[in-house]
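Notes follow once the structure below has been shown.
Below, read A as the first sequence line, B as the second, and so on, with proteins coming before strands; counting in each chain starts at 1. Any value given below was found using the heavy atoms of this structure, including those in side chains, with hydrogens, waters and symmetry copies removed.
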Protein chains: 2
Amino acid sequence: MVNKSRVTQTPPVAVEDAIQRLGRNIRTARLRRRLRIEDVANRIGASRFTVADVEKGKPGASMAAYAGALWALGLLEGMSEVADPDRDEEGKTLESARSPKSAPHRRRLDNDF
Amino acid sequence: MVNKSRVTQTPPVAVEDAIQRLGRNIRTARLRRRLRIEDVANRIGASRFTVADVEKGKPGASMAAYAGALWALGLLEGMSEVADPDRDEEGKTLESARSPKSAPHRRRLDNDF
DNA sequence: CATTTATGATGATTTTAACCAACATATAAC
DNA sequence: GTTATATGTTGGTTAAAATCATCATAAATG
């Protein structure tokens, strides 16, 4: 790359830990279902190496690889709830307590793109 | 790549939808906190382009980029709960109803690597 | 309206993800 | 113990991710 991708190469520990835990969870779910890494790989159109990387919690693997693995195991639903605006109490509070001044946004204050 | 990465290039619709929803959720959370794309990018050591891709729900962006964005917004916790073995009722059922025969695994039936 | 600010879009460049072959190893089955 | 199976490891290849510069555009501000 032209420059460094710090997130992907050396993520914050919390980020690294969370991804690794997700990978372990995926592995556990796969073993419980008695599927081989290759089975999951075939279902999503990836190689066994990529799925193995996902289970290892490799930060640089694509989001699609992780989500695909979850999908192959019937566990994709949980992902949609992550950062769910309805459950983001912090964000809701900040939005309601909005001061009159506002920095320039592209489309109003909220996202309605 | 040597060959096609179907998951990353053309994921199953359910996967694509889930990722896009996650991206929208991240965007909503960021706007509520009145942060710029560049703010999030700086916090995780990425360019504004990568964070923009995340908010667009680009499947090929790295897991670290997504997790990093969540982390920058204080929303990483939710990710660890995805595919939580304790909540994987399907998996737990399959494991308890295990037949005597078993295909070769690397480390027992469970993952304890 | 002019200015400033945040983001979108495009194209080029560099690094790296995804892939594969081949071999190693650990477990299960025979 | 031998064979078969599933996964780990390594090195090398290629396509794509991540980056950046630049310009375009939309919205808040003065």
Nearest-nucleotide check on DNA chain D, A:I37 vs A:V7; residue mapping nearer the 5' end is A:I37
Picking from D:dA6, C:dA6, D:dG8, the nucleotide nearest the side-chain atoms of A:A52 would be D:dG8
Would you mind classifying the nucleic acid contact of A:A61 as base, sugar-phosphate or nothing, using non-hydrogen atoms under 4.0 angstrom? sugar-phosphate
Any salt bridge linking A:E55 with A:R24? Criterion: basic side-chain nitrogen under 4.0 Å from a carboxylate oxygen.
no
Here the distance between atom C1' of D:dG8 and atom CD of A:E55, to the nearest Å, is 12 Å
From CG of A:D53 across to P of D:dT9 the rounded distance in Å is 11 Å
When rounded to whole Å, the CZ to P distance for the pair A:R6 and D:dC20 reads 12 Å
Side-chain contact check for A:R48: nearest option of D:dC20, C:dT7, C:dA22 is C:dA22
Which of D:dT7, C:dA9, C:dA17 is nearest the side chain of A:K58? It is C:dA17
Comparing A:G60 with A:R36, nearest DNA chain D nucleotide closer to 5' gives the residue A:R36
Answer whether the closest heavy-atom distance between the side chains of B:V7 and B:V15 falls below 4.5 Å.
no
Exercise. Can you find a pair of side-chain heavy atoms, one from B:L73 and one from B:L35, that are under 4.5 Å apart?
Worked result: yes
Separation of D:dA6 atom C1' from A:R33 atom CZ, nearest Å, is 19 Å
In whole angstroms, the gap separating C1' of D:dT5 from CG of A:L35 amounts to 15 Å
A:E38 CD to C:dA21 P, in whole Å, measures 12 Å
B:Q9 has its side chain closest, among D:dA17, D:dA16, C:dT7, to D:dA16
Does B:R30 place a side-chain N or O at less than 4.0 Å from the phosphate oxygens OP1/OP2 of C:dA6? no
In terms of heavy-atom contacts, B:A67 and B:M79 come closest through CB-SD, 4.0 Å
Of A:T8 and A:F49, the one whose closest nucleotide on DNA chain C sits nearer the 5' end is A:T8
To the nearest angstrom, the CG-C1' distance between A:L31 and D:dA6 comes to 11 Å
Taking every heavy atom of B:G60 against every heavy atom of A:S62, the minimum-distance pair comes out as O-CB, 3.7 Å
